[in-house]
Amino acid sequence: MLHAASGGTFHLFLNILAVEGLEMNDRYPFVNIPLPYEYDALEPFIDEKTMRLHHDAHLQSYIDNLNKELEARPALQGLTLKQLIRKMPGGAETPLSRNAGGVYNHRFYFDGLSPFALMRPNGELTKAIDRDFKGFNLFKEELTAAAMSVFGSGYAWLAASGRGRLQIVTTENQMTPLTRGLCPILNIDVWEHAYYLKHYNKRAGYIRDWFKVVNWPEANIRYLSCTNHL
Ligand code: MN
């Protein structure tokens with residue numbers, strides 16, 4: 001029964017549907033989906049100013065530039081973001097691959113963070129981390145070392161192979177593990193714009209803080225989807 005109180009709830013429901021509609025925005029024209037949390041929600045680990053610039057300026061540029069690239073290529077306009085990335089010749093960086101990767105990598109990064117973070121993985125992902133890294137602590141060390149090892153701009157990733165084995169890889173600039181046949185589970189953006197305003201040149205401090213806001217339930221869902229457990 002619809003009454004005054006549930007009218008508001010219904011309106012909220014419609015708003016959620018509208019946001020979910022945007023989440024399915026994986027084809028041209030691309031729009032900048034709002035963050036799934038407030039800009040200051042990850043404080044004090046990732047600061048509000050960094051989040052505002054990262055989402056509203058950096059990601060927005062990738063979205064605008066990807067739309068410009070696709071405007072001139074009607075044949076590619078029906079492809080999803082993942083299809084656009086996978087279509088790129090292996091390893092080759094082009095304006096199209098850089099911008100498609102920039103949109104994919106940033107959406108994946110922001111959705112992989114949460115203000116309600118658990119300190120450790122949950123579900124099937126816990127078992128897989130224990131199996132493939134001999135426990136969470138060694139996994140954390142290995143991902144930290146990989147993120148520290150990126151020279152210049154790029155990402156460190158937790159990804160699953162076709163057989164569901166976990167591995168840690170790094171990518172340069174806005175490349176993704178998708179073109180290597182891997183299924184991404186988490187990424188840590190180590191471009192300086194991701195941390196410089198708060199952590200200055202101290203990437204290690206940013207990585208420690210990133211671990212405090214990882215959305216492990218989302219990572220577990222991604223892992224399950226990578227291994228077709230869903
Ligand atoms: Mn970034």
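Every number for a ligand or one of its atoms is a count from 1 in the order of the listing. These numbers were taken from a predicted model, which means no experiment stands behind them.
Nearest N/O/S atom of H54 relative to the Mn ion (ligand 1): this is NE2. Nearest to the Mn ion (ligand 1), among the N, O or S atoms that D189 has, is OD2.
No donor-acceptor pair under 3.5 Å is formed between the side chain of N220 and the backbone N or O of P121. Side chain of Y155 to backbone of V150: no donor-acceptor contact under 3.5 angstrom is found.
Listed by chain and number, the residues in a side chain to side chain contact (heavy atoms under 4.5 Å, CB included) with H199 are Y195, Y206, D209 (sequence neighbours excluded).
In summary, E124 and K127 engage in a salt bridge, as defined by a charged side-chain N under 4.0 Å from a carboxylate O.
Backbone or side-chain N, O or S atoms of H106 reach the Mn ion (ligand 1) at under 2.8 Å.
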